[in-house]
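Treat the numbers as computed from the prediction; the structure is a model and nothing was measured. Numbers restart at 1 for each chain; the letters A, B, ... are given by sequence-line order, proteins then strands.
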There are 2 protein chains.
Amino acid sequence: MKYGIVIFPSKRVQDFANSYRKRYDSHYALIPPHITLKSAFEADESEIDKIVKELQQIAAKTDVIPLKITKFSSFYPVNNVIYLKVEPNEALQQLREKLYSGIFTDHPEYAFVPHITIGRDLSDGEYFDVYGQLKMQTVRFEETADRFHLLYQLEDGAWTVYETFHLRKD
Amino acid sequence: MKYGIVIFPSKRVQDFANSYRKRYDSHYALIPPHITLKSAFEADESEIDKIVKELQQIAAKTDVIPLKITKFSSFYPVNNVIYLKVEPNEALQQLREKLYSGIFTDHPEYAFVPHITIGRDLSDGEYFDVYGQLKMQTVRFEETADRFHLLYQLEDGAWTVYETFHLRKD
């Protein structure tokens, strides 16, 4: 089974993201707007209890995380993904590292660029048109993430939440 | 904000349900296959901590729940919804009642018919055609639900999981 770990931003941010994803993101139907902490990884159903325990321990030792969403950006020319930029910070980076160490032996495919995807699989024409408009827009959301979620992927590519993990509050 | 409470059946059942939902359920993109325990209700963000605490207490006092999925059925002629029937049982019924009592002052709109919707908003022609084929099919899934989820609804109708609640294991 394939699992993944994400943060869902606030409803406000998700509503904002979905107003674009609906039109531009081919994954719109598969998962709500999210920040990926650990991308899809294979795990046996027999391993999942151990993974859940590990995630509980990680969450219990991790403070809630500030999220600043500051602009539209893109991975062009690597690919045509357009995203909402989440400003990197030490807390986010450290949580990410914990999810790729200890019992987690897989390695990240990319350097960590925290983001919320709002467009993908766009033709070059579409990409330049849409991104040209969006990059001029002012974006400013500040909030705190107090939880993350472990999800699993269905055969059609959709994701279902398996469990919630609460970060430490002061 | 609108909240709802559901059980997600196993991946196996969700895969089976989604193979139909993809074609026949207009809510396919909004939420994974699910059994609704408490349909959409309004709650203030300020009330949600209290609701979460109540749900934790309910979950801690509720044993894991057997789920038997036995056939395709439908709500016709009330509406054209086609669903996978989940056999009613005392455990499911009691959990449902707890979610409509105590601090929850709203009343259920319908009698409780546990089900997983796989088709809706079908024309009469489509409905008779699809249901005519499906009702002949043998369906048999038996499993145990060990958790339920509190979700909230985004402006576009999509649902995001807020929190997971674990039922009591022996």
Quick check: are there more than 12 heavy atoms from other residues, nucleotides or ligands sitting under 6.0 Å from NZ of A:K98?
yes

Salt-bridge contact B:E163-A:R147 (side-chain N to carboxylate O under 4.0 Å)
yes

If you tally heavy-atom pairs under 4.5 Å against chain A, which of B:M1, B:K22, B:R12 wins?
B:M1

Identify which part of A:H166 has an atom lying under 4.5 Å from any heavy atom of chain B, answering side chain, backbone, both or neither.
side chain

Is it the side chain or the backbone of B:F165 that comes within 4.5 Å of chain A heavy atoms, both, or neither?
neither

Test B:K11 against every option in A:E155, A:Q153, A:E45 by the side chain to side chain donor-acceptor pair (under 3.5 Å) rule and name the one that passes.
A:E155

Of the listed residues (A:F8, A:W159, A:Y162), which shares the most heavy-atom pairs with chain B below a 4.5 Å separation?
A:Y162

Identify whether B:V52 and B:I5 are in the same connected component of the hydrophobic contact network (ILVMFWY, side-chain heavy atoms under 4.5 Å).
yes

Look at the side-chain heavy atoms of Ile, Leu, Val, Met, Phe, Trp and Tyr, link any pair under 4.5 Å apart, and say whether B:F104 and B:Y3 land in one connected group.
yes

Any chance you could lay out the side-chain contact (heavy atoms from CB on, under 4.5 Å) test for B:Y28 and A:D156, step after step, and finish with the verdict?
CA-CA 11 Å; B:Y28 168 69; A:D156 61 359; 2.7 Å; yes

Would you say A:V130 ends up clustered with A:M136 if hydrophobic residues are merged whenever their side chains have heavy atoms under 4.5 Å apart, either directly or through other cluster members?
no

Test B:Y152 against A:Q14 for side-chain contact (heavy atoms from CB on, under 4.5 Å), laying out the working first.
CA-CA 11 Å; B:Y152 55 92; A:Q14 289 186 65; 2.7 Å; yes

Report whether A:L55 and A:I48 are members of the same hydrophobic cluster (ILVMFWY, side-chain heavy atoms less than 4.5 Å apart, transitive linking).
yes

Would a hydrophobic clustering, with Ile, Leu, Val, Met, Phe, Trp and Tyr connected at side-chain separations under 4.5 Å, put B:I58 with B:I7?
yes

Mark yes or no for whether B:T160, through its side chain, and A:P32, through its backbone, hold a donor-acceptor pair below 3.5 Å.
no

Looking at B:E109, I'd like to know if its CD atom is crowded, meaning that more than 12 non-hydrogen atoms belonging to other residues, nucleotides or ligands lie closer than 6.0 Å.
no

